[in-house]
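Since the structure comes first, as structure tokens, the remarks are kept for the end.
So that the names make sense, note that chain A is the first sequence line, chain B the second, and so on, each numbered from 1.
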Amino acid sequence: MKPRLRFAPSPSGYLHIGGARTALFNWLWAKSQGGVFVLRVEDTDQERSSIESVRAILDAFRWLGMDWDEGPEVGGPYAPYFQSERKAIYREHVERMISGGHAYRCYCTKEELDRQREELKARNPKAQFVYPGTCRNRTDQPDLPYVVRFKSPREGSTEFVDKVFGHITTPNAAQQDFVLVRTDGYPLYNLAATIDDHLMDITLVARARDHIGNTPQQILIYRALGWEPPEFAHLPMMLSPKGDKLSKRHTAVSVQEYRDRGYPAAGVLNYIVRFGWSAGDQEIFGLEELVKKFSWDHVNKSDGKFDDKKFADVAFEHLKRPELTPLDAYAENVRPFLAERGLTEPNARTLVAAIPGIRERARTYKDAASDLDFYFREPPELDTKARDKLLDAAGAARLVELADALAAHEPWDAAALEAAVRTWSEARGLAIKEVAQPARVALTGRSASPPLFEVMVVLGKERSLARLRRAPALLTA
RNA sequence: GGCCCCAUCGUCUAGCGGUUAGGACAUCGGCCUCUCACGCCGGUAACGCGGGUUCGAUUCCCGCUGGGGUCGCCA
């Protein structure tokens, strides 16, 4: 049977970076095995779920380049893929569990249980409240609101073999009679996930380690329903730099935030995949390569801390390498950030010519847009501090002379230009620096830029000479 | 507290009984240089502790310590 993997987000916010990692591992395994990747929306909590979140999550998936074979928008043979539309299915199986003696209706109110919980806490702050089983053996059926609870076995233990953690055994006595269905009739996570994973023929459930404790409960449900559990794989946690749970307080945690900051999607994926997984010493991977190399054998068990610097470096690596980010892709990705700066229609030829010069300088597309700015603005924005430091009247006058000298210069390529300017400078007893730095201010408006002669080539002869001749005007600008 | 899990440089990790314990990021020093970068060279830096098993443990076992997860009518 072809492997069927799934990612099942609850649409109560953006796609979290940790969630993206879980999804990625599932996606990679599905791709590499010729299997199916399913997206299922766990929206049984009506209070917290929203359609905006669904859209945000799907957008994040699209941006990351993780496509789903079944799920929202694309449908599939196991539809519907929204749990809120599957209530009838859950109800049917819950009835079966009740009549089979594996579940029961509990009429204890939340208020009542909360009160008991508090009382216990008051007497003994360390104690943990456990549902006392009040309705466990109840035979009457009062006309009152109720929840459905699982009738946990009191003896024995539940075990499973995790693809990452190996054998895990939990005594059943540690399990209380957890709730399956809420008063409002909506199923709870453990119930809905279990039923759907089975009905959707999921073969491997891969999720973060914080679900490891749910697994025995879910296995108990599978058994109660007479089903065989799928395989399980739990991933170590991605923690904040400080070592606690990753949350909004620490760093950028939503996928869209990384997009908005100008990081390349493949770089984001590359960083998170290396989190808990490795392939020898290799650090940088393209997406296709990941599909080929990913396997569960090299997934770690220990949690890790998110590192912004390492993250930035991995992303940068993707920006630098043309084999990972081809020129045209780079151009497309930087456009929105140029647009943010008001440069909505940058000359396409100039853009493509300029990118090689900035791609090893810009750590994000946002930085790239900033670095590229001067190519598309006439005159370029002037950094007056750079001007004050590097350009004076004598220097400006020299640049005009240089422009005149270069007017007849052929060919207009970097090597020839450099040779010409060096010769020109030497003839005047000037170090190249004394000409290049003022020229940089005139040509780019800044103190830092790609190599001067490359800038001149991208700018073209006409614009380069015009900018050099404008140098004296800059002094009073 | 119950249950479950984890443990190699500051961080992500390689290692699957015998290695000068490797790589990457970060950091420090240097080189390159028209600026900023990139790149290159080099340095500092780790097997938590205690017992076993073994000719030999980072590696296997046990305990301790430390860390994390989870104990909801959230997922």
Side-chain angles (χ1 to χ4, degrees), chain A residues 8-10 12 42-45 47-49 106 108-110 113-114 117 124-131 145-149 162 165-166 168-171 173-176 178-190 192-193 207-216 234 236-237 239 241 243-245 271 274-284 298 300-314 316-317 320 357-363 371 386 390 418 421-422 425 431-441 444 446-453:
Chain A
S10 84
S12 54
E42 310 224 322
D43 56 348
T44 54
D45 187 335
E47 300 273 301
R48 305 186 198 190
S49 302
C106 169
C108 301
T109 64
K110 187 174 190 331
L113 293 174
D114 284 347
R117 196 184 320 250
N124 179 1
K126 284 191 167 178
Q128 182 61 43
F129 178 74
V130 180
Y131 174 67
Y146 61 87
V147 299
V148 178
R149 285 183 185 272
D162 189 278
F165 287 92
I168 294 177
T169 307
T170 310
Q175 232 63 265
Q176 52 176 313
F178 54 91
V179 176
L180 259 17
V181 182
R182 312 203 289 193
T183 311
D184 65 8
Y186 274 91
L188 248 19
Y189 168 72
N190 275 138
R207 76 240 294 198
R209 206 197 81 221
D210 50 355
H211 283 293
I212 219 163
N214 286 138
T215 310
H234 289 89
M237 304 285 285
L239 272 18
D244 32 347
K245 235 177 164 174
Y271 178 75
R274 279 286 287 100
F275 215 100
W277 173 81
S278 61
D281 282 340
Q282 190 172 350
E283 300 278 350
I284 305 302
H298 293 280
N300 278 168
K301 300 185 218 187
S302 48
D303 298 339
K305 297 175 189 145
F306 192 95
D307 187 297
D308 290 294
K309 293 236 176 74
K310 178 80 173 182
F311 169 81
D313 183 74
V314 171
F316 186 26
E317 215 53 56
K320 276 187 294 196
I358 58 98
R359 73 184 311 161
E360 63 192 28
R361 271 160 253 272
R363 300 178 75 85
D371 291 354
L390 302 170
E418 175 158 10
V421 173
R422 279 185 189 278
S425 302
I432 183 74
K433 194 173 183 168
E434 294 172 88
V435 177
Q437 285 296 71
R440 188 182 316 284
V441 175
T444 72
R446 311 172 174 201
S447 59
S449 79
L452 205 63
F453 306 106

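By the 4.0 Å N-to-carboxylate-O rule, A:R117 lies close enough to A:D114 to be salt-bridged with it. Salt-bridge formation is not detected for the pair A:R48/A:D43: no Lys NZ or Arg NE/NH1/NH2 atom is positioned less than 4.0 Å from an Asp or Glu carboxylate oxygen. Taking a cutoff of 4.0 Å between a charged side-chain nitrogen and a carboxylate oxygen, A:R363 and A:E317 do not qualify as a salt bridge.
Across all strands shown, B:G39 pairs with B:C31; the Watson-Crick or G-U wobble distances both stay below 3.5 Å. Applying the Watson-Crick and G-U wobble criteria (two distances, each under 3.5 Å), B:A24 pairs with B:U11. In this structure, B:C60 and B:G52 make a Watson-Crick or G-U wobble pair, each of the two defining distances being under 3.5 angstrom. As the counterpart of B:G2, B:U70 is assigned, both hydrogen-bonding distances of the Watson-Crick or G-U wobble pattern falling under 3.5 Å. Look at B:A45: it lacks any Watson-Crick or wobble partner with both distances under 3.5 angstrom.
As rounded to the nearest Å, B:G10 and B:G48 have C1' atoms that lie 16 Å from one another. To the nearest whole angstrom, the two P atoms, one in B:C41 and one in B:G51, are 43 Å apart. B:A7 and B:A45 have their P atoms separated by 25 Å, with the value rounded to a whole Å. Atom name C1', nucleotides B:C49 and B:C38: the rounded distance is 45 Å, in whole Å. The separation of B:C16 from B:G39, taken at their C1' atoms, amounts to 35 Å, rounded to a whole angstrom. Comparing B:U44 with B:C28, their C1' atoms are spaced 7 Å from each other, to the whole Å. Comparing the same atom, P, in B:C6 and in B:C61 gives a spacing of 11 Å after rounding to whole Å.
In this structure, the CG atom of A:N214 is 7 Å from the P atom of B:C71, given to the nearest Å. Here B:C73 presents its P atom at 6 Å from CZ of A:R149, a figure rounded to the nearest Å. Residue A:F306 contributes atom CZ, which lies 14 Å from atom P of B:A26 at whole-angstrom precision. A:H211 has its NE2 atom 16 Å from the C1' atom of B:G68, to the nearest Å. For the pair A:E42 CD and B:C73 C1', the computed distance is 17 Å after rounding to whole Å.
Using a 4.0 Å heavy-atom distance criterion, A:H298 is classed as a sugar-phosphate-only contact. Counting any heavy atom pair closer than 4.0 Å across all strands shown, A:T44 reaches sugar-phosphate atoms only and no base atom. Across all strands shown, A:C108 has heavy atoms under 4.0 Å from base atoms, whether or not it also approaches the sugar-phosphate. As judged by a 4.0 angstrom heavy-atom cut-off over every strand, A:F453 is placed among the base-contacting residues. Nucleic acid contact class of A:R207 (heavy atoms, under 4.0 Å, all strands): none. A:V147 comes within 4.0 angstrom of a base, heavy atoms only. Within 4.0 Å (heavy atoms only), A:E283 reaches at least one base atom of the nucleic acid. Among the atoms of the strands shown, only primed sugar atoms or phosphate atoms (P, OP1, OP2) are found under 4.0 Å from some heavy atom of A:S278.
At a threshold of 4.5 Å between non-hydrogen side-chain atoms, the residues A:K110 and A:R182 do not count as touching.
Between the side chain of A:Q282 and the base of B:G23, no donor-acceptor pair of N or O atoms lies under 3.5 Å. For B:A24, its base sits under 3.5 Å from the side chain of A:K310 at one donor and acceptor pair at least.
Checking B:A75, B:G72, B:C12 against every side-chain atom of A:Y189, the shortest atom distance belongs to B:A75.
In this structure, A:K309 is not positioned above the aromatic face of A:F311 in the sense of NZ or CZ being under 6.0 Å from the six-membered ring centre and within 45° of the axis.
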Between the protein and nucleotides 1-10 of chain B, are there any N/O to N/O pairs under 3.5 Å, and if so, what are the atom names and distances?
none

Every protein N/O lying under 3.5 Å from an N/O of nucleotides 35-45 of chain B:
residue, atom, partner, partner atom, Å
B:U35, O4', A:Q437, OE1, 3.1
B:U35, O4', A:Q437, NE2, 3.2
B:U35, O2', A:S447, O, 2.8
B:U35, N1, A:R440, NH2, 3.2
B:U35, O2, A:S449, N, 2.7
B:U35, O2, A:S449, O, 3.1
B:U35, N3, A:R440, NH1, 3.2
B:U35, N3, A:S449, O, 2.5
B:U35, O4, A:P451, N, 3.1
B:C36, O2, A:R361, NH1, 2.7
B:C36, N3, A:R361, NH1, 2.4
B:A37, O2', A:E360, O, 2.6
B:C38, O3', A:K320, NZ, 3.3
B:G39, OP1, A:K320, NZ, 3.0

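Aromatic pair A:Y271/A:F306: ring centres closer than 6.0 Å.
Applying the 4.0 Å criterion to OP1 and OP2 of B:A14, one finds that A:N300 has a side-chain N or O inside that range. Phosphate proximity of B:G72 to A:R182: absent, as no side-chain N or O sits under 4.0 Å from OP1 or OP2.
Rounded to the nearest 0.5 angstrom, A:N214 CG and A:H234 NE2 are separated by 7.5 Å.
For the side chain to side chain contact (heavy atoms under 4.5 Å, CB included) test, residues two or more places apart in sequence or in another chain that qualify with A:S425 are A:V421, A:L430, A:I432, A:V435.
Place A:K309 and A:E418 on RNA chain B by their nearest nucleotides, and A:K309 ends up nearer the 5' end.
The two residues A:C106 and A:R149 come nearest to each other via the heavy atoms SG-NE, 3.3 Å.
Counting only distance, with no hydrogens or angles, the side chain of A:T215 and the backbone of A:H211 share a donor-acceptor pair below 3.5 Å.
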